[in-house]
Student: 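The structure that follows is given in the form of structure tokens.
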Amino acid sequence: MAMKKEHAMLTLIIPGKYQVKDMDVYMEPLIDELRELWDGVNMYDVSRPVNDRNFLFHAILIWTIHDAPGLSICCGLQTKGKHGCPSCGPKLLHRQSKDLNKTVYDEYRQFLPQNHRYRVRDKHKFNGKEVEMRKPIKMNPARWKAMYDKNEGTGFPLGMKRLSIFYKLEYYENLPIAHLLDTMHIGKNVAECLWKHLNGTNIEAQIKLRKDLRVANIMPNMWLHEDNSYVHAPWNFTSNEKENIISTMKNIRFPSGFGATLKNLFTRDGSEFSGLKTHDWHNWIKYVLPAAIPSTFDHDVTLTIYKLCKYLRYFQSIMHTLP
């Protein structure tokens with residue numbers, strides 16, 4: 001029913017095939033209507049008594065939902081690079097990896113309690129450096145606006161590209177959660193990257209990764225040798241393990257209408273997926289992978305994969321509600 005013409009509601013029309021540079025121009029009519037709804041619109045309710053059918057209708061924008069690039073375009077905050085987390089702001093620890101040509105956020109010890117042993121006492125288990133910086137304060141529209149006002153006349157604060165048009169809404173700064181990321185895209189991307197990571201068949205990517213491990217000073221046993229050889233990683237499939245995993249996945253059957261049969265989605269040689277849709281990737285990481293990897297890897301690796309799959313299954317569950 002939602003796809004029928006009479007039920008479709010087109011909010012914005014953005015011409016052209018190129019990325020929009022100034023989204024605020026297209027958002028202006030929507031913002032004007034939202035401000036009008038905030039003040040109140042006279043409405044008529046035929047279900048009420050005859051003498052009490054007119055009332056003043058108010059509405060607010062609770063939040064918007066995007067993928068990461070869409071979040072950056074709409075709210076004017078960075079979603080990639082050195083300050084790529086709109087929730088953490090500019091105080092998120094990061095480093096630029098020349099080998100991977102990416103910004104890496106690998107100082108996750110920053111989010112641990114100040115007296116946690118991993119910060120100082122057990123630093124040798126990581127990169128040997130102490131982490132003293134506290135967990136970043138969770139950013140919201142009010143905090144971003146305060147940073148903008150503080151920097152007024154000297155440019156935008158770190159992590160902000162422009163002041164969003166949403167600040168024209170009187171209540172926008174009071175919203176605790178103004179923008180959400182669409183878990184459909186996140187779950188699919190995580191599942192696809194995890195499968196490639198477990199395979200480890202991309203030799204060029206493996207060499208870049210091992211070089212970066214040396215630069216980061218972590219996992220010395222995984223570093224690249226002088227002859228460009230490297231030790232087999234405990235999270236990569238061996239040829240026999242991969243055959244067993246693929247055989248298990250091919251024999252898994254879903255209830256009717258639950259998802260595609262994985263047996264029909266492998267390439268001719270049976271080594272790779274081909275044609276998986278987003279919903280199929282979600283099913284794979286939430287239900288198929290946990291059932292297919294028992295006794296395949298070391299306990300630590302298997303437990304980590306289980307926890308990741310369990311978290312995504314919980315996070316994307318319809319029973320999960322915002323606090």
Side-chain angles (χ1 to χ4, degrees), residues 63-64 66-69 71-72 74-164 166-167 172-181 183 186 189-190 193 209 212-220 300 303-304 307-308 310-312 314-315 320-323:
W63 53 56
T64 60
H66 327 256
D67 57 1
L71 174 62
S72 176
C74 283
C75 69
L77 301 176
Q78 293 184 12
T79 55
K80 60 181 179 180
K82 296 181 180 179
H83 313 289
C85 180
S87 296
C88 300
K91 293 188 177 181
L92 178 66
L93 295 178
H94 63 275
R95 66 179 178 88
Q96 189 66 30
S97 171
K98 294 182 179 179
D99 296 302
L100 300 176
N101 195 24
K102 296 177 183 291
T103 303
V104 183
Y105 310 97
D106 56 358
E107 280 295 2
Y108 32 79
R109 289 180 292 161
Q110 178 185 6
F111 293 87
L112 295 174
Q114 283 297 111
N115 59 350
H116 200 283
R117 58 192 178 92
Y118 283 165
R119 281 182 172 267
V120 179
R121 192 167 71 236
D122 289 350
K123 61 182 181 180
H124 62 279
K125 295 183 178 179
F126 301 90
N127 57 8
K129 298 179 181 179
E130 297 182 5
V131 177
E132 297 181 356
M133 185 171 288
R134 294 178 178 273
K135 177 182 177 181
I137 299 175
K138 189 173 182 180
M139 301 297 290
N140 54 33
R143 290 195 173 102
W144 280 115
K145 184 63 165 58
M147 290 177 60
Y148 172 79
D149 293 338
K150 187 177 180 180
N151 286 25
E152 190 173 6
T154 60
F156 295 107
L158 296 176
M160 178 182 283
K161 300 187 295 183
R162 59 179 172 80
L163 189 66
S164 174
F166 285 107
Y167 281 101
Y172 181 69
E173 294 186 41
N174 297 320
L175 295 177
I177 303 176
H179 303 280
L180 301 177
L181 289 174
T183 57
I186 296 175
N189 293 337
V190 170
C193 291
L209 175 62
D212 185 68
L213 290 177
R214 180 185 291 273
V215 174
N217 194 30
I218 56 176
M219 305 181 70
D300 292 341
L303 184 62
T304 302
K307 287 183 176 180
L308 175 62
K310 182 180 179 180
Y311 173 76
L312 289 175
Y314 165 76
F315 186 69
H320 177 61
T321 57
L322 291 172

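Model, not experiment: these values are computed from the prediction.
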Student: Can you name the nearest heavy-atom pair linking Met160 to Arg162, along with the distance?
Tutor: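 Result for this residue pair: CG-O, 3.3 Å.
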Student: Atom CZ of Arg143 and atom NZ of Lys138: how far apart are they, to the nearest 0.5 Å?
Tutor: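 So the gap between those two atoms works out to 10.0 Å.
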Student: Measuring from Asn115:CG to Arg121:CZ, what's the distance to the nearest 0.5 Å?
Tutor: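 Output value for this atom pair is 9.5 Å.
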Student: Please test Lys161 against Ser72 for side-chain hydrogen bond (donor to acceptor under 3.5 Å, both in side chains), starting from the C-alpha separation and ending with a verdict.
Tutor: CA-CA 9 Å; Lys161 300 187 295 183; Ser72 176; 2.6 Å; yes
Student: By the definition side chain to side chain contact (heavy atoms under 4.5 Å, CB included), identify the one residue from Leu92, Leu77, Thr79 that meets it with Cys85.
Tutor: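 Answer to the side chain to side chain contact (heavy atoms under 4.5 Å, CB included) test with Cys85 among Leu92, Leu77, Thr79: Leu92.
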Student: Roughly how far, to the nearest 0.5 Å, is CD of Glu107 from CZ of Arg95?
Tutor: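 Spacing of CZ (Arg95) from CD (Glu107) equals 9.0 Å.
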Student: Taking the side chain as every heavy atom from C-beta outward, state whether Leu71 and Leu180 have any atom pair closer than 4.5 Å.
Tutor: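 Side-chain contact under 4.5 Å: no.
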Student: Determine yes or no for a side-chain-to-main-chain donor-acceptor pair under 3.5 angstrom, with Arg214 supplying the side chain and Pro220 the backbone.
Tutor: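 Flag not set: sc Arg214 to bb Pro220 has no pair under 3.5 Å.
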Student: Run Cys75 and His179 through side-chain contact (heavy atoms from CB on, under 4.5 Å) and show every step you take.
Tutor: CA-CA 8 Å; Cys75 69; His179 303 280; 3.4 Å; yes
Student: If you define the side chain from C-beta out and look only at heavy atoms, does anything of Lys135 sit under 4.5 Å from Lys91?
Tutor: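 No, side chains not in contact.
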Student: Thinking salt bridges, do Asp122 and Arg109 make one under a 4.0 Å N-O criterion?
Tutor: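 No.
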Student: Have a look at Arg119 and tell me which of Glu130, Gln110, Glu132, Gln114 forms a side chain to side chain donor-acceptor pair (under 3.5 Å) with it.
Tutor: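 Between Arg119 and the candidates, side chain to side chain donor-acceptor pair (under 3.5 Å) is satisfied uniquely by Gln114.
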Student: Could you check whether any side-chain N or O of Trp144 sits under 3.5 Å from a backbone N or O of Pro86, counting only pairs where one atom can act as donor and the other as acceptor?
Tutor: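 Checking the backbone N and O of Pro86 against the side chain of Trp144, a donor-acceptor pair under 3.5 Å is found.
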Student: Pair Asp67, Leu181 - check side-chain contact (heavy atoms from CB on, under 4.5 Å), show working.
Tutor: CA-CA 5 Å; Asp67 57 1; Leu181 289 174; 5.8 Å; no
Student: Taking atom OG1 of Thr183 and atom CG of Asn189, what is their separation to the nearest 0.5 Å?
Tutor: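 If I round to the nearest 0.5 Å, the distance is 11.5 Å.
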Student: Does CG in Leu303 sit with more than 12 non-hydrogen atoms of other residues, nucleotides or ligands closer than 6.0 Å?
Tutor: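 Yes, CG of Leu303 has more than 12 neighbouring heavy atoms, counting only those of other groups under 6.0 Å.
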Student: Give the minimum heavy-atom separation between Tyr148 and Leu163, together with the two atoms involved.
Tutor: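 Taking Tyr148 first and Leu163 second, the nearest heavy atoms are CE2-CD2, 3.7 Å.
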Student: I'd like to know if the side chain of His116 and the backbone of Tyr118 have a donor-acceptor N/O pair within less than 3.5 Å.
Tutor: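 Present.
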Student: Locate the shortest heavy-atom distance separating Cys88 from Pro136; write the atom from each residue and the value.
Tutor: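 The answer is O-CB, 3.4 Å.
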Student: Could you check Asp99 against Val215 for side-chain contact (heavy atoms from CB on, under 4.5 Å), going step by step and ending with a plain yes or no?
Tutor: CA-CA 9 Å; Asp99 296 302; Val215 174; 3.7 Å; yes
Student: Just verifying a value: how many Å separate Gln96 CD and Thr103 OG1, rounded to the nearest 0.5 Å?
Tutor: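 Reported to 0.5 Å precision, the distance equals 3.5 Å.
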Student: Flag yes if more than 12 heavy atoms outside Asn101 fall under 6.0 Å of its CG atom; otherwise flag no.
Tutor: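 Incorrect, the count does not exceed 12.
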Student: Using only atom types and a distance under 3.5 Å, with no angle test, would you say the side chain of Asn140 pairs donor to acceptor with the backbone of Pro176?
Tutor: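 A pair under 3.5 Å: no.
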Student: So, taking the atom named CZ in Phe156 and the one named CD in Gln78, what distance separates them when rounded to the nearest 0.5 Å?
Tutor: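 It is 11.5 Å, given to the nearest 0.5 Å.
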Student: When you look at Asn217 and Lys129, which way does the side-chain contact (heavy atoms from CB on, under 4.5 Å) test go after all the steps?
Tutor: CA-CA 10 Å; Asn217 194 30; Lys129 298 179 181 179; over 6 Å; no
Student: For the side chain of Tyr167 and the backbone of Pro141, is there at least one donor-acceptor N/O pair under 3.5 Å apart?
Tutor: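 Side chain of Tyr167 to backbone of Pro141, a donor-acceptor pair under 3.5 Å: yes, one is there.
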Student: Name the orientation class of the two ring planes belonging to Phe166 and Tyr172 (parallel below 30°, tilted from 30 to 60°, perpendicular beyond 60°).
Tutor: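 The rings of Phe166 and Tyr172 lie parallel, inter-plane angle below 30°.
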